[in-house]
Amino acid sequence: MKTITRGQPKHCTAGYLSSAKHQQIEERAITVAEYIVEKNATVRQAAKAFGISKSTVHKDITDRLGAVNPALAEQAREVLNRNKSERHIRGGMATKKMYDSKRKKTGDEAETEFFSHRK
């Protein structure tokens, strides 16, 4: 028998969700998975788009969606696995972009200083 924990309303026992809330979570899992498949999105991109955490996106795709829509769950897992295998490439590209912007900024400042001292 489940006990009611402090702070919870008496109509909600610990560990159980109302059917409406459960339905809402399943719908969110489906919507997030469709977004990931359609946009080829990463977990971070999906989390940002839906205003939820990366952990929630991951749990929706890996745990919850399999019971609701196994075919969509498989498609979403394929996209996430591909993204995971490519993440080192994206990380390298982000680092390159960061250093290029620093180099450009430093180059622009050096050029500005050069011309300002010529007066």
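- Summarising the hydrophobic clusters (Ile, Leu, Val, Met, Phe, Trp, Tyr; side-chain heavy atoms under 4.5 Å, direct or chained), the residues clustered with M93 are I89.
- The main-chain N or O of L65 is never found under 3.5 Å from a side-chain atom of N69 such that the two would form a donor-acceptor pair.
- The line from CD of Q24 to OG of S19 is 11.5 Å long, rounded to the nearest 0.5 Å.
- The line from CG of L72 to CD1 of I36 is 9.0 Å long, rounded to the nearest 0.5 Å.
- Expressed to the nearest 0.5 Å, how far OG1 of T56 lies from CD1 of I61 amounts to 11.0 Å.
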Which side-chain N or O atoms in residues 40-49 pair as donor and acceptor under 3.5 Å with protein atoms at least two apart or in another chain?
{"from": "N40", "atom 1": "OD1", "to": "R82", "atom 2": "NH2", "distance (Å)": "2.8"}
{"from": "T42", "atom 1": "OG1", "to": "Q45", "atom 2": "N", "distance (Å)": "3.1"}
{"from": "T42", "atom 1": "OG1", "to": "Q45", "atom 2": "OE1", "distance (Å)": "3.4"}
{"from": "Q45", "atom 1": "OE1", "to": "T42", "atom 2": "N", "distance (Å)": "2.8"}

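- Counting only heavy atoms from C-beta outward, the side chains of V57 and F50 never approach each other to under 4.5 Å.
- In this view, E86 and R90 satisfy the salt bridge (charged side-chain N to carboxylate O under 4.0 Å, His left out) rule, not counting sequence neighbours.
- Identified under the salt bridge (charged side-chain N to carboxylate O under 4.0 Å, His left out) test for residues 55-70, with sequence neighbours left out: R28-D60, K59-D63, D60-R64.
- Other residues sharing the hydrophobic cluster of Y99, ordered by chain and number and joined by side-chain separations under 4.5 Å: M98.
- Residues in residues 66-86 take part in no ring-ring contact (aromatic ring centres under 6.0 Å, His included) pair, two or more places apart or across chains.
- With respect to the salt-bridge test (charged N to carboxylate O, under 4.0 angstrom), the residues D100 and K104 do not qualify.
- Follow the hydrophobic side-chain contacts under 4.5 Å out from I30 and you reach L80 in the same cluster.
- In this structure, K39 NZ and E34 CD are separated by 12.5 Å, a value rounded to the nearest 0.5 Å.
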